[in-house]
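Here is the structure we will look at.
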Amino acid sequence: MPRRRGCRGRARGLTLIELMVGVAVLALLASLAVPATGHQLARWKLQAAAEQLAADLAQARWDAVERGRAQHLQLQDGEQWCWSLSEAPGCGCDRPQACQRQRVAAARYGGVTLETPARISFAPTADARIAVASLALSSRSGERLRVLLSPLGRARVCAPDGPRMGYAAC
């Protein structure tokens, strides 16, 4: 086909108004996604804190039997909650100390609250029984999880408000 001379086709591309409408739509979608993302982040922090506490309880139980010495986990509640694992029964968690083998503080899991203070000791014999414990954690968004400790020292995470976040009901 021969080309016509003198006739120019319209330039392809987007106008400024089309670009502005596209940016406005993207901004609207982003503003809707931010609160949902914040809620999910709070949920992940709560799950991570509960799983870490359960893992530390299991580690303390294992270390007591393996090392042949009692292991102590001290939990402090409140705004600046913490827990520490040590061989000394009175080794607090409010600040780093030489007696601590491990320390976890609230700053690691921002927005999560430890609601249950406790002192848990694991005896060095494999058949030692301990007091049953139920340790509660919650997030700013109102989600709650518990870490349950059986008489044999086995820890598991559960949800007190029915099955939630992939955990069975307590």
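Bear in mind that the values here come from a model prediction, so they are computed numbers and not experimental data.
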**OP:** Identify the heavy atoms of Gln47 and Leu145 that sit nearest to each other, and give their distance.
**Re:** CA-CD1, 4.0 Å
Original post:
Do any pairs count as a salt bridge (charged side-chain N to carboxylate O under 4.0 Å, His left out) and have a residue in residues 14-30, sequence neighbours left out, and if so which ones?
Top reply: none
Original post:
If you take all heavy atoms of Cys99 and Ser86, which pair is closest and at what distance?
Top reply: O-CB, 3.1 Å
Subject >> Test side chain to side chain donor-acceptor pair (under 3.5 Å) applied to Ser150 - qualifying residues, sequence neighbours left out >> reply: none
Subject >> Contacts of type salt bridge (Lys or Arg N to Asp or Glu O under 4.0 Å), residue Arg144, not counting sequence neighbours >> reply: Asp161
**OP:** Could I get the full list of side chain to side chain contact (heavy atoms under 4.5 Å, CB included) partners for Ala118, not counting sequence neighbours?
**Re:** Leu75, Ile120, Leu135
Original post:
Does one hydrophobic cluster hold both Met165 and Leu114, with members joined at side-chain heavy-atom distances below 4.5 Å?
Top reply: yes
Subject >> Donor + acceptor pair across side chains of His72, Ser121 (<3.5 Å) >> reply: yes
Original post:
Judged by atom type as modelled, is there a donor-acceptor pair below 3.5 Å linking the side chain of Gln80 to the main-chain atoms of Ala107?
Top reply: no
Original post:
Atom OG of Ser141 and atom NE2 of His39: how far apart are they, to the nearest 0.5 Å?
Top reply: 4.5 Å
Subject >> Heavy-atom side-chain contact between Glu66 and Gln71 under 4.5 Å >> reply: no
Subject >> Atom of Ala155, atom of Ala54 and distance for their closest heavy-atom approach >> reply: CB-O, 3.7 Å
Original post:
Under the side chain to side chain donor-acceptor pair (under 3.5 Å) test, which residues partner Trp44, sequence neighbours left out?
Top reply: none
**OP:** List in chain and number order the residues that pass side chain to side chain donor-acceptor pair (under 3.5 Å) with Glu51, two or more places apart in sequence or in another chain; answer none if no residue qualifies.
**Re:** Tyr167
**OP:** For residues Pro160 and Cys170, report the shortest heavy-atom separation together with the two atoms involved.
**Re:** N-SG, 3.7 Å
Original post:
Rounded to the nearest 0.5 Å, how far apart are CZ of Arg119 and SG of Cys91?
Top reply: 10.5 Å
**OP:** Taking salt bridge (Lys or Arg N to Asp or Glu O under 4.0 Å) as the test, write out the residues that go with Arg67, two or more places apart.
**Re:** Glu87
Subject >> Pairwise distance CD(Gln76) to OG(Ser84) - rounded to 0.5 angstrom >> reply: 9.0 Å
Original post:
What pairs meet the salt bridge (charged side-chain N to carboxylate O under 4.0 Å, His left out) rule with one or both residues in residues 89-102, with sequence neighbours excluded?
Top reply: Asp63-Arg101
Original post:
Any chance CG of Leu28 has more than 12 other-residue heavy atoms, nucleotides or ligands included, within less than 6.0 Å?
Top reply: yes
Original post:
What is the minimum heavy-atom distance between Cys82 and Ala105, and which atoms define it?
Top reply: CB-CA, 4.1 Å
**OP:** For Gln97 and Gly92, indicate whether the former's side chain and the latter's backbone hold a donor-acceptor pair under 3.5 Å.
**Re:** yes
Original post:
Heavy-atom distance under 4.5 Å between the side chains of Arg69 and Pro124, does that happen here?
Top reply: no
Subject >> Heavy-atom side-chain proximity of Leu53 to Leu73 below 4.5 angstrom >> reply: yes
**OP:** Assess whether atom CZ of Arg140 is packed by more than 12 heavy atoms of other residues, nucleotides or ligands within 6.0 Å.
**Re:** no
Subject >> Asp77: side chain to side chain contact (heavy atoms under 4.5 Å, CB included) partners, not counting sequence neighbours >> reply: Pro117
Original post:
With Arg43, which residues qualify under salt bridge (Lys or Arg N to Asp or Glu O under 4.0 Å), at least two apart?
Top reply: Glu143
Original post:
Nearest heavy-atom pair of Ser134 and Leu148: which atoms, and what distance?
Top reply: OG-CD2, 3.4 Å
Original post:
Got Leu57 and Phe122 here, is their nearest side-chain heavy-atom distance under 4.5 Å?
Top reply: yes
Original post:
Which disulfide bond (SG atoms under 2.5 Å apart) pairs, counting each pair once, include a residue from residues 43-76, with sequence neighbours left out?
Top reply: none
Subject >> Residues in side chain to side chain donor-acceptor pair (under 3.5 Å) contact with Ser138, at least two apart in sequence or another chain >> reply: Glu115
